[in-house]
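Heads up, the thing below is written out as structure tokens.
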Amino acid sequence: MPKVKNKCVLVGYNSVDDAGVYKLSKDLALVQTVDFFPPVVDDPYDFGSIAAANALSDIYAMGGKPISALNIVGYPKKLLPLSYLEEILKGGVDKCKEAGVPIIGGHTLKTQEPIYGLAANGIIHPKKIVTNAGAKPGDFLILTKPLGIGIITTAIKQNKAPRRMVKEAVKIMSELNKISSEVMLEFEVKACTDITGYGFLGHLCEMTKASGVGAKVYLSKIPVLDYAWKLVEQNIVPGGTIYNRDFIEGKVDWGKDICEEAKLVLCDAQTSGGLLISISKNKAEKLLVSLLRRGIVNSAIVGEVIRDKKCRIKVAW
Ligand code: CO
Ligand code: CO
Ligand code: CO
């Protein structure tokens, strides 16, 4: 993409961030994002609600407030009953309702497999944008959802996921990042992004590069779904995760005791993952306690930002 030069574009393609931000006036900016994908779970209602939570997440990650959304739908009408589509859309509508976001339009086309997602709009004060570029050495890093979702959804696709595992994964994926974002805004955080397709290390890498810093993370402190460990040992790993793992190799210094399974988990491609927040050390504990109190129970301090011009990530036990 060519570079954008426009005074109103506050966040655009030039920085790899969660959403675009366009200044409307001196105290109001528009946050825009779009996200859609084929089903990650069998239940159409759950799929719709996960896709909607995932699409809104990029607005929450910028510190914005989502205000409206448009449906993006692809559907193979000849292969699947329309009742299935109805359920997908109902899942999306209900999730948006929970977020206080009306769906005000959309577009549908015929596709080989179902696709669903949203183009979402939010608002933000131009001076209060939380980009991924503000992390400072000495900050602590907080993650708000556990990793391993990509590995579990792959097990679901291979019919190797017991019902309890599916239930837990659906609960995590369809949880909005709304409360996490609201709590984050009560503190002066330095940077934030949400963990999605590039995995924890991929998105952390975007943050360190954008911020011109390095990071050190501790495997033992990172929340991971128990099921994911068992699956990765059986080699149930999505293609995207393996791709992320290869991509990150030259950018990470692995501790001696970090096994290959752990490397894959840290690179696991997430759907509707949590927020990764960088906040100064002396405020981190307070933010963590607030997150836990508001029900974001998997939140944890997972590492710290360090000085490093090469923007490398150290992974220690
Ligand atoms: Co994002
Ligand atoms: Co996105
Ligand atoms: Co039209």
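Scope of the values below: all heavy atoms of this structure, side chains included, with no hydrogens, waters or symmetry mates. This chain uses plain numbering: 1 for the first residue, then up along the sequence. In each ligand, atom 1 is the first atom listed, and ligand 1 is the first ligand listed.
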So that I can tick it off, tell me whether [Y] and [X] are bridged by a salt bridge, with the cut-off set at under 4.0 angstrom between side-chain N and carboxylate O.
X: E98; Y: K95; value: yes
X: E168; Y: R164; value: no
X: D94; Y: K90; value: yes

- Listed partners of Y218 passing side chain to side chain donor-acceptor pair (under 3.5 Å), at least two apart: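 Side chain to side chain donor-acceptor pair (under 3.5 Å) check on Y218 returns E304.
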- Near the Co ion (ligand 1), meaning under 2.8 Å, how many protein N/O/S atoms are there?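 Step by step: take the Co ion (ligand 1), keep protein N, O, S below 2.8 Å, and you get 3.
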- Task: Return the name of the atom in D35, of element N, O or S, nearest to the Co ion (ligand 2).
- Result: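 When I compare the N, O and S atoms of D35, OD2 is nearest to the Co ion (ligand 2).
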- Query: Is W229 atom CH2 crowded by more than 12 heavy atoms from other residues, nucleotides or ligands, each under 6.0 Å away?
  - Reply: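 Yes, enclosed.
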- Message: Out of the candidates T144, N298, I50, I296, only one should pair with E175 under the side-chain contact (heavy atoms from CB on, under 4.5 Å) rule; please name it.
- Response: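 For E175, the side-chain contact (heavy atoms from CB on, under 4.5 Å) test succeeds with only one of T144, N298, I50, I296, which is I296.
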